[in-house]
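The structure appears below as structure tokens.
Chain letters run A, B, ... following the sequence lines, proteins first, then strands; residues in each count from 1.
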Amino acid sequence: MPELPEVETVRDGLARHVLGRTVVDVDVRRDYSVRRHEAGPLDFAARLTGRRLEAAVRRGKFLWLLLDEGAGRGDDALLAHLGMSGQLLVRGAHLADAGASGGTTDVVVAPGSVGWVEHPHLRVRLGLDDGSALDFVDQRTFGHLSVPDLVPTPDGAPGGLGSARQALPVPVAHIARDLLDPALDRRAVVTAMRARRTEVKRALLDQTLVSGVGNIYADEALWRARLHGARPTAALRATDVERLLDAAAEVMTQALEQGGTSFDALYVDVNGASGYFDRSLAVYGQDGRPCPRCGTPVRRDAFANRSSFTCPRCQPRPRPRRA
DNA sequence: CGCTCTACCTGTGTGC
DNA sequence: TGCACACAGGTAGAGC
């Protein structure tokens with residue numbers, strides 16, 4: 001599933017392959033994929049057509065492409081959330097000269113030409129001015145695209161953008177900075193998490209506290225920090241929370257490095273953890289397999305309509321608290 | 001307001 | 001073989 005490292009891999013690919021291009025055609029194959037664009041698919045297409053893609057920005061699991069100035073309107077952006085199966089694929093002619101970044105020898109086929117195979121889960125296609133296409137592909141349709149306005153926030157934009165771009169897409173305004181954002185206030189996150197009256201895994205997954213962590217990396221981070229996700233945040237020491245945040249940042253950085261090395265230059269692609277990080281997962285999806293640290297079989301438990309994976313020895317479950 | 005729970009989707013895998 | 005159902009899970013919004 002696309003969490004922060006996978007989304008960052010996509011952002012990087014977009015930054016290298018589509019910036020400077022202008023959208024010349026918008027083909028929404030499934031309206032549901034633009035459901036968050038409240039003015040509807042026609043308005044979505046109208047707002048994008050003729051616009052130039054100027055920067056690729058990410059916060060947590062949200063990703064957006066800043067658009068050049070629209071006629072008589074404020075700043076806006078093409079916003080994407082990949083959900084659990086979304087992909088952004090760059091396909092087409094301009095990749096022929098992308099050898100410097102990817103070294104690919106693949107035959108490049110223009111969209112629509114002989115030999116072109118369209119992805120069965122293509123939801124939205126953006127035709128670009130060099131004959132290439134940016135495809136939004138999403139099997140399970142939890143992902144979505146929209147073109148929201150940018151709004152100034154007290155928090156400001158991620159990643160050291162210029163002051164003219166100190167703004168976030170409306171749907172991202174409430175999302176906290178992520179663990180790889182240099183401007184993240186770690187101490188404030190620790191304080192906020194400990195102030196919560198909930199379990200630590202729930203707090204780690206709360207995108208308004210710190211963003212980018214999903215179910216997979218939450219379990220991996222908790223395992224690295226030797227904490228059970230059911231531990232009450234209020235009972236944790238500050239050093240426990242700091243260790244957890246360090247572990248989460250570390251595991252996501254490592255995943256990002258692996259994702260980067262396996263990145264196929266022909267695609268701006270993401271297959272989620274199943275694509276390339278599987279072999280490095282200590283506990284997620286590993287029920288019954290030995291814990292890499294102590295050999296105790298990894299355990300799977302129900303958690304919030306999904307699963308949690310833990311080592312019962314390294315991460316002892318807290319004693320049930322009485323109210 | 002703070003926290004928990006569910007709806008939203010569809011392809012894949014499993015059990016009967 | 002075919003059908004039913006569980007499962008994967010991020011987010012918004014409803015509910016308490």
Query raised in the report: Counting side-chain heavy atoms from CB outward, which of C:dA8, B:dT10, C:dG10 is closest to A:Arg123?
Result: B:dT10

Report task. Specify the separation, in whole Å, of atom NE2 of A:His144 and atom P of B:dT10. Result -> 15 Å

Query raised in the report: Within the structure shown, what part of the strands sits under 4.0 Å from A:Arg202 by heavy-atom distance: base, sugar-phosphate, or nothing?
Result: sugar-phosphate

Query raised in the report: Are any of A:Thr198's side-chain N or O atoms less than 4.0 Å away from OP1 or OP2 of B:dG2?
Result: no

Query raised in the report: Out of C:dG10, C:dA12, C:dA8, which nucleotide sits closest to the side chain of A:Ser307?
Result: C:dA8

Query raised in the report: Just by distance, do the side chain of A:Arg231 and the backbone of A:Gly229 share a donor-acceptor pair under 3.5 Å?
Result: no

Query raised in the report: Is A:Phe303 touching bases, backbone alone, or none of the nucleic acid, heavy atoms closer than 4.0 Å?
Result: nothing

Query - Phosphate OP1/OP2 of B:dT10: any A:Ser85 side-chain N/O under 4.0 Å - result: no

Query raised in the report: Do A:Arg51 and A:Thr22 have side-chain heavy atoms sitting under 4.5 Å apart?
Result: no

Query raised in the report: Do A:Asp135 and A:His119 have side-chain N/O donor and acceptor atoms under 3.5 Å apart?
Result: no

Query raised in the report: Do A:Arg140 and C:dA8 share a donor-acceptor pair, side chain to base, under 3.5 Å?
Result: yes

Query raised in the report: Can A:Ser85 and A:Asp138 be counted as having a side-chain donor-acceptor contact under 3.5 angstrom?
Result: yes

Query raised in the report: When you measure from the side chain of A:Thr141, which nucleotide among B:dT10, C:dA12, B:dG11 comes out closest?
Result: B:dT10

Requested in this report: Measure the distance from CZ on A:Arg197 to P on B:dT4 and round it to the nearest whole Å.
Outcome: 12 Å

Query - Phosphate OP1/OP2 of C:dG10 contacted by A:His81 side-chain N/O (<4.0 Å) - result: no

**Report entry** Phosphate OP1/OP2 of B:dC8 contacted by A:Tyr32 side-chain N/O (<4.0 Å)
**Finding:** no

Query - Closest listed nucleotide, where the reference is the side chain of A:Phe62 and the choices are B:dG11, C:dG10, C:dT11 - result: C:dT11

Report summary line: Heavy-atom nearest nucleotide on DNA chain C taken for A:Met84 and for A:Pro171; more 5' hit belongs to A:Met84

Requested in this report: For A:Asn305, answer base if it contacts any base atom (sugar-phosphate contacts may also be present), sugar-phosphate if it contacts only those atoms, and nothing otherwise; contact means non-hydrogen atoms under 4.0 Å.
Outcome: base

Query raised in the report: Between atom CG in A:Asp206 and atom P in C:dG10, what is the gap in whole Å?
Result: 13 Å

Requested in this report: Report yes or no: is the cationic atom of A:Arg35 (NZ for Lys, CZ for Arg) closer than 6.0 Å to the six-membered ring centre of A:Tyr32, at no more than 45° off its axis?
Outcome: yes

Query raised in the report: What is the distance, rounded to the nearest whole Å, between atom CG of A:Leu4 and atom C1' of C:dG10?
Result: 14 Å

Requested in this report: Figure out the CG/C1' separation between A:Asp287 and C:dA8, and round it to whole Å.
Outcome: 13 Å

Query raised in the report: Which part of the nucleic acid, if any, lies within reach of A:His174 when heavy atoms closer than 4.0 Å are counted: base, sugar-phosphate only, or nothing?
Result: sugar-phosphate

Report summary line: To the nearest angstrom, the CG-P distance between A:Leu204 and C:dT11 comes to 13 Å

Query raised in the report: Taking OP1 and OP2 of B:dC5, is either one under 4.0 Å from a side-chain nitrogen or oxygen of A:Arg306?
Result: no

Query raised in the report: What integer distance in Å separates A:Lys201:NZ from B:dC3:P?
Result: 18 Å

Query raised in the report: Tell me, do A:Pro292 and A:Trp223 make a side-chain contact under 4.5 Å, heavy atoms counted?
Result: yes

Query raised in the report: Quick one: is A:Gln207 getting a side-chain N or O under 4.0 Å of the C:dT11 phosphate, OP1 or OP2?
Result: yes

Requested in this report: Let me know the distance between CZ of A:Arg30 and P of B:dC9, rounded to the nearest Å.
Outcome: 9 Å

